[in-house]
Amino acid sequence: MIDFLAGAASIMTPELFGIVLLGTMLGVFVGALPGLSGSTTAALLLPLTVTMSPIAAISFLGAIYCGANYGGSITAILINTPGDPSASATALDGYPLAARGEAGRALGMAAVASTLGGIFSVCVLVVATPLLARFAYNFGPPEYFALAVFGLSMLGAVGGAGALKSLIAGCLGVLLATVGMDLTTGVERFTFGIPDLSDGIGFVPVLTGLFAVAELLDQSTRLDERVERHPLTAAKLPSRQDFRRSGKAIGIGAVMGTAIGVLPALGATTAAILAYNEVRRVSKHPEEFGKGAIEGIAGPEAANNGAVGGSMVPTLALGIPGSGTTAIILAGLLVQGVRPGPHLFNEQPEFLYAVFSSMLAANLIFLCAGLFMAKLFAMITLIPNAFLWPAVLFCSVIGAYAPNQAMGDVWTMLVFGVVGFFFRRHGISPAPLVMGLVLGQLVEESLKQSLIIFDQSWAGFLGRPIALVLFTVTAATLMAPVLLRAARRLGALRASG
């Protein structure tokens, strides 16, 4: 409790509170812009955090994450275009409500449900992360290798693309993590004689290219699109009747969102969609969903913000990102020289509790912003793309060049911008590649350390119970779709016979 109070007190300093406020408002701002998601903005602004203290840097990125997940609901409700992918399910009932002239009611419920889901997940984060970290004290290199392999096996569920596409992208990320000098042998790998690659491929140019530049290229192919806009309106606090109808939906969304967020690689979009389906299933009026049901806003919004805190649990306790955005936050930690893991709770408890407090503050800030400034944020959608995207490109180039002041990083950013655009054209999410890149280093380091411990014998893993359990879970995860298809075919044959 003393550590939590110390962390909360550090956030109350004018400098750190100002950074959290700025991050939250930026998150809501970009979340309300179709195309600029929280992950894109976190990647774009990651270079700015290099000069900050570790607490300020991660609080800033975490506040962007919290704010963007709410901000996406503004455009989902008003123009049927989610500003952030996590708000996709919100559009299903939010836009019909706006079409009936009840946009203010929808925006108010989105703000309140998002805040409640976010606060619930932060409370779980405060309780669960130390417990998970305490368990992780039993981990050595073999267990971390097994855990990283499990995290990679979950990449098939990321991004909504086919599992095979996501796994291929994740494996490409792991391969990219091997570029540069092998710290064990001193041999350069995959550098092709290019000096800039000797130290490996940097996180910042890759993330900026995959998210910001790729989005710019994708938007350039849709300049002539027009969207129907409903009149801008102020948010309204939900009525007592709306709370009665939506209380169960908010509870389901908060719990499901947090639980799904804890699982590596799933993230807020998956949480929102699953929560929407579950809320509709238990509703007394399922026929109203898709036509303007207020529960259809409350459930997904509580879930996508609940997933924010949930996804930070494995990120901070184990160093395994819970979503694409937390992979960027993890990269920000590594840039700051902070290695997530159980040791942080003994060595830097104030750092962690300051991060928790900053996320709690971000949820309260965007509640106020959502209720009193929703109309202002909705006006952001009126910014012409002809002004917006050149500014994004300019910031991307500066952001890629600034950390190392190397033109090689700019070229890397542009190359990965094209790669990201190619991914989008073929329905492949860039998130698995980012997570593979982040986890790749952990996979390689922990495997080499394990083989040294086992005297180069793979049989040594058989004597580590925790590693065996994780390998078994990984195998079950990969084999589950195949076994389910086989069971369905067997059932169909029996039925026909």
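Counting begins at 1 with the first residue of the sequence.
- Between T412 and I201 the shortest side-chain heavy-atom distance falls below 4.5 Å.
- Distance SG/C123 to CG/L360: 7.0 Å, rounded to 0.5 Å.
- Considering only residues two or more places apart in sequence or on other chains, R464 meets the salt bridge (Lys or Arg N to Asp or Glu O under 4.0 Å) condition with E143.
- For the side chain to side chain contact (heavy atoms under 4.5 Å, CB included) criterion with Y65, the lone passing option out of N305, T326, I328 is T326.
- Across every non-hydrogen atom of P300 and Y276, the tightest pair is CG-CD1, 3.7 Å.
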Practice problem: Decide yes or no on side-chain contact (heavy atoms from CB on, under 4.5 Å) for R424 and L217, but give the supporting numbers first. | Solution: CA-CA 10 Å; R424 291 166 187 263; L217 295 174; over 6 Å; no
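- In this structure, the side chains of M413 and V397 come closer than 4.5 Å at one or more pairs of heavy atoms.
- Here the side chain of S53 pairs a donor or acceptor atom with the backbone of A56 at under 3.5 angstrom.
- Listed for the T178 side chain is a donor-acceptor partner under 3.5 Å among the backbone atoms of L175.
- How far CZ of F190 is from CG of L176: 10.0 Å, rounded to the nearest 0.5 Å.
- Once rounded to the nearest 0.5 Å, the distance linking CZ of F366 with OG1 of T24 reads 8.5 Å.
- When the ring-ring contact (aromatic ring centres under 6.0 Å, His included) test is applied to F416, no partner is found at least two apart in sequence or on another chain.
- At least one side-chain heavy atom of I365 sits less than 4.5 Å from a side-chain heavy atom of F17.
- Considering only heavy atoms from C-beta on, L433 comes within 4.5 Å of F423 through its side chain.
- Listed here is the closest heavy atom pair of A57 and T49: CB-CB, 3.6 Å.
- In this structure, CG on L116 lies 11.0 Å from OG on S121, to the nearest 0.5 angstrom.
- In this structure, CZ on R189 lies 12.5 Å from CG on L197, to the nearest 0.5 angstrom.
- Atom-to-atom distance recorded for L125:CG and S311:OG is 9.0 Å, nearest 0.5 angstrom.
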Practice problem: Test S198 against E188 for side-chain hydrogen bond (donor to acceptor under 3.5 Å, both in side chains), laying out the working first. | Solution: CA-CA 7 Å; S198 298; E188 290 189 356; 3.1 Å; yes
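- Between V419 and F422 the shortest side-chain heavy-atom distance does not fall below 4.5 Å.
- Of all heavy-atom pairs spanning G118 and N363, the tightest one is CA-OD1, 3.2 Å.
- Across I58 and G332, no two heavy atoms sit closer than the pair CD1-C, 4.0 Å.
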Self-check item: Intermediate values then yes/no, side-chain contact (heavy atoms from CB on, under 4.5 Å), L45 and L48
Solution: CA-CA 5 Å; L45 297 179; L48 295 180; 3.6 Å; yes
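- Listed for the S283 side chain is no donor-acceptor partner under 3.5 Å among the backbone atoms of R280.
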Practice problem: Decide side-chain contact (heavy atoms from CB on, under 4.5 Å) for V149 and L470; before the verdict, give the C-alpha distance in whole Å, the side-chain angles of both, and the deciding distance to 0.1 Å. | Solution: CA-CA 8 Å; V149 171; L470 289 170; over 6 Å; no
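- The closest side-chain heavy-atom distance from R425 to D218 is below 4.5 Å.
- Taking the six-membered ring where the residue is Trp, F461 and F145 present tilted rings, their angle falling between 30° and 60°.
- V20 and A361 get closest at one heavy-atom pair: CG1-CB, 4.2 Å.
- Heavy-atom minimum distance, G420 versus A214: C-CB, 3.5 Å.
- Looking only at atom types and distance, the side chain of E301 has a donor-acceptor partner in the side chain of T90 under 3.5 Å away.
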Exercise. List the steps and the verdict of side-chain contact (heavy atoms from CB on, under 4.5 Å) for W458 and L451.
Key: CA-CA 7 Å; W458 288 80; L451 292 177; 4.1 Å; yes
